[in-house]
Amino acid sequence: MAFELPKLAYAYDALEPHIDAKTMEIHHGKHHAGYTTKLNGAIAGTDLEGKTIENILTNLDLENKGVRNNGGGFYNHRLFWSVMAANGGGKPEGDLAKAIDEAFGSFEAFKDAFKNAAATQFGSGWAWLCVHKGGKVDVCATANQDNPLMPGIGCGGFPILGVDVWEHAYYLNYQNRRPDYLEAFFNVINWSEVSALYAQNK
Ligand code: MN3
């Protein structure tokens, strides 16, 4: 069974003014669709066909560039759409808030660490908030479409929040101003979804 481009839970213009409709339309309808199609092509006829994307990434051979780039692209964008919402922003509550305070000292310190990881990722990539077994959280960044689930990527744990810092994610609206895009991203984070991912994977 082939992977399918997931439908968004909101309209392309729902995240405006923080993320503009044109960027969302191209990003979801072209970029994510492209990764999905190419992932299906890369696994067709191999023993990866029929496996879950989590299983594929967790057991990935990093030399398999077709699956690494497109499987990562498929998974990363699916997570990205799910951790944003029109009525997003604010702060997490409950167990996740506590874990963030324990790891970083405060929500503001976490926000600085996350934005810094994203802003200083050279070239294309992603910044992540990950949970480790036992509930500890940390922040890291990966290049290209790599993902913390991939073995030996140097960024472990289960990703519960990710931000895309490829230029295609922000260039139409923010041009070279990646820090402005990152600040805006915090206005659309769907903390209830991130908290649910935390609870499921701690
Ligand atoms: Mn992207």
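All values derive from a computational prediction rather than experimental measurement. Whatever order the structure lists them in is the order used to number ligands and atoms, beginning at 1.
For the Mn ion (ligand 1), the N/O/S atoms of His31 include none lying under 2.8 Å. In summary, His32 places no N/O/S atom under 2.8 Å from the Mn ion (ligand 1), failing the contact criterion.
Between His32 and Trp81, the ring planes lie tilted relative to each other; the angle falls in the 30° to 60° range. Ring geometry for His31 against His27 counts as perpendicular: the plane angle is over 60°, on a 0 to 90° scale with 30° as the lower cut.
Nearest N/O/S atom of Asp164 relative to the Mn ion (ligand 1): this is OD2. Closest to the Mn ion (ligand 1) among the N, O or S atoms of His77 is NE2. Among heteroatoms of the N, O or S kind in His27, NE2 lies nearest the Mn ion (ligand 1).
Just one of Val131, Val83, Leu96 meets the side chain to side chain contact (heavy atoms under 4.5 Å, CB included) condition when paired with Leu197; it is Val83.
Checking side-chain atoms of Trp191 against main-chain N and O of Gly90 turns up a donor-acceptor pair under 3.5 Å.
Applying the 6.0 Å contact sphere to CD of Glu93 captures no more than 12 heavy atoms from other residues, nucleotides or ligands.
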